[in-house]
There are 2 protein chains.
Amino acid sequence: MNKLSNGGCLHCKAKSDIFDHLSEEELDRVESCRVSMHYRAGEIVFKQGSPCYDFVCITSGLVKLYIEGENDRRLIIGFVKPVDYIFVPGAYVDKRHHYTAVACEETSACLVETEVLQNLVNTNPEFANSFIKKISSQAISLITQIASVTQKQIPGRMADTLIYLATKVYNSNPFITSLSRQDLADLSGMTKESAIRVLKTFKDDELIVIRGDEIELLNIPMLETISRNG
Amino acid sequence: MNKLSNGGCLHCKAKSDIFDHLSEEELDRVESCRVSMHYRAGEIVFKQGSPCYDFVCITSGLVKLYIEGENDRRLIIGFVKPVDYIFVPGAYVDKRHHYTAVACEETSACLVETEVLQNLVNTNPEFANSFIKKISSQAISLITQIASVTQKQIPGRMADTLIYLATKVYNSNPFITSLSRQDLADLSGMTKESAIRVLKTFKDDELIVIRGDEIELLNIPMLETISRNG
DNA sequence: GCAGGATGATGATTTAGATCAATTAAAAAT
DNA sequence: ATTTTTAATTGATCTAAATCATCATCCTGC
């Protein structure tokens with residue numbers, strides 16, 4: 001069982017802020033069907049195409065979300081970190097997962113049946129608002145990414161990726177990451193080789209420095225310029 | 001004023017089905033702040049980056065939604081046709097439009113203040129469900145498109161575009177369209193020239209036939225195969 | 001310690017698709 | 001009807017980025 005949520009949802013220090021507006025009774029309802037899970041690095045939380053029964057809330061670790069293409073190419077569309085839940089667009093539409101979720105490192109999560117949350121949406125307007133806000137935010141990031149990936153070339157896309165990681169995922173610069181070059185490539189919609197090459201030019205131009213699994217952005221304004229010029 | 005909705009929202013034959021679950025009183029609330037608008041082909045309904053005050057419901061015509069990139073490239077992310085409203089992800093987040101909406105042909109629309117709809121979400125659970133379902137569906141189409149545009153090459157993307165138009169937008173085959181080659185290119189994430197070339201190969205291979213502004217898909221299974229193989 | 005699978009790094013080659021340039025066709029305006 | 005504008009088409013060229021191939025480094029388990 002996940003240490004952070006030992007005492008049940010009510011006293012869980014790790015609960016996602018969308019649960020802030022729930023009453024004790026409502027939290028109990030969530031608690032009663034909650035399942036704690038633990039994943040090792042690389043393990044699949046759920047897979048694209050599979051039926052969705054639960055909402056997944058990440059209490060520790062890091063999860064990447066990616067779309068799997070036909071020719072086993074991947075596009076990472078985002079990360080979910082503690083404490084947040086993974087938005088499942090299929091829950092309201094076709095009861096299917098539309099992307100795969102994989103743990104990037106040791107990860108704990110709570111699973112809650114979709115019906116329970118859907119009920120809360122109906123009974124608690126504040127919860128409904130948080131929920132819609134969350135979906136909207138994800139739609140906006142999808143739009144941002146689709147714009148980056150389709151309209152910029154390699155340096156601009158990698159700049160976007162690095163800025164995204166520093167500001168949105170790790171909230172730190174330098175940041176320590178468990179992501180491989182392949183992951184960086186999958187985030188930027190390019191091949192591993194292209195990712196390595198463009199990172200090298202960034203290093204040569206002293207825009208970034210990489211020490212082992214630590215990445216530091218040295219010249220963010222320049223990276224932003226590169227992002228803007230595609 | 002829009003002919004279809006002369007008698008107000010209550011008797012509007014053109015109302016979006018998400019309004020189906022509203023009471024008379026609720027429909028009156030919508031009615032009281034409704035503004036009817038008319039747009040000519042090519043006119044902007046709202047522009048990416050501008051503040052959003054209203055939800056827009058299309059009562060006749062057709063609207064395209066596109067992301068504007070830095071280097072004035074465009075990516076069409078969808079169409080809105082009667083009777084449906086344009087989902088505005090910024091309404092719950094940053095009060096900004098994240099894409100541009102342009103009328104493809106003569107188009108009528110009703111504008112409703114965002115606050116009014118947001119209120120309905122809070123007071124009417126059924127409405128909230130329809131609303132979330134709508135947002136979720138759009139997120140799913142964004143995911144589908146991002147997968148197509150990033151992981152397939154030109155023929156696969158154009159096949160996706162043609163199938164999308166026939167099955168999701170015009171619901172007919174053949175279909176008559178006011179879209180230009182540039183629009184087809186913007187939908188598929190390619191240049192106008194590439195769009196023209198790939199359409200020519202499709203015509204030569206007797207997968208499609210184009211007569212003026214009518215497009216007919218002759219061999220949908222083959223187009224689906226092309227889509228699958230990227 | 002060493003073997004062996006994963007990950008990272010680089011160079012050489014190929015190619016899909018953009019860009020550029022020019023022509024034709026169709027529509028709109030005068 | 002004739003000019004002007006706009007959209008569609010086609011070919012030639014160029015280039016960004018993928019692919020292919022090789023080699024260097026890591027870790028991880030024996």
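Owing to the predicted nature of the structure, the values given are computational and were not obtained by experimental measurement.
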- Task: For B:Val88 and B:Cys52, work out which heavy atoms get closest and say how close.
- Result: CG1-SG, 3.7 Å
- May I ask you to say what A:Lys200 touches in the nucleic acid, namely base, sugar-phosphate or nothing, with a heavy-atom cut-off under 4.0 Å? sugar-phosphate
- Separation of C:dA9 C1' from A:Lys192 NZ (nearest whole Å): 10 Å
- Message: In this structure, how many angstroms lie between the C1' atom of D:dA16 and the CE atom of A:Met158, rounded?
- Response: 15 Å
- With DNA chain D as reference, determine whether B:Ser180 or B:Arg197 sits nearer its 5' end, using the nearest nucleotide of each. B:Ser180
- In short, B:Gln48 meets B:Tyr66 closest at the heavy-atom pair OE1-O, 3.9 Å
- B:Met190 atom CE is separated from C:dT15 atom P, nearest whole Å, by 20 Å
- Task: Rounded off to whole Å, could you give me the CG-to-C1' distance for the A:Asp213 and D:dC26 pair?
- Result: 13 Å
- Message: Evaluate B:Ile146 against A:Leu75 for side-chain contact (heavy atoms from CB on, under 4.5 Å), listing each step before the verdict.
- Response: CA-CA 9 Å; B:Ile146 209 172; A:Leu75 185 78; 3.9 Å; yes
- Item | Nearest-angstrom distance from the residue atom CD of B:Gln182 to C1' of D:dA8 | 11 Å
- Task: Kindly point out which of C:dA9, C:dG17, D:dT9 is positioned nearest to the side chain of A:Lys203?
- Result: C:dA9
- Out of D:dA8, C:dG17, C:dT19, which nucleotide sits closest to the side chain of B:Glu193? C:dT19
- Message: For D:dA17 and A:Ser194 - does any side-chain N or O of the residue sit under 4.0 Å from the phosphate oxygens OP1/OP2?
- Response: no
- Could you give the NZ-to-P distance, from B:Lys152 to C:dA16, as a whole number of Å? 18 Å
- Expressed in angstrom and rounded to an integer, what is the separation of A:Arg40 atom CZ from D:dT28 atom P? 15 Å
- Hey, is the main chain of B:Ser137 close enough, under 3.5 Å, to the side chain of B:Ser141 for a donor-acceptor pair? yes
- Item | Length of the line joining B:Arg181:CZ and C:dT24:P, which is rounded to integer Å | 19 Å
- Non-hydrogen atoms of A:Ala103 and A:Val45 that approach each other most closely: N-CG2, 4.2 Å
- Task: From the options D:dA17, C:dG17, D:dA8, select the nucleotide whose nearest atom is closest to the side chain of A:Gln153.
- Result: D:dA17
- What nucleotide among D:dA18, D:dT9, C:dT19 has an atom nearest to a side-chain atom of B:Thr191? C:dT19
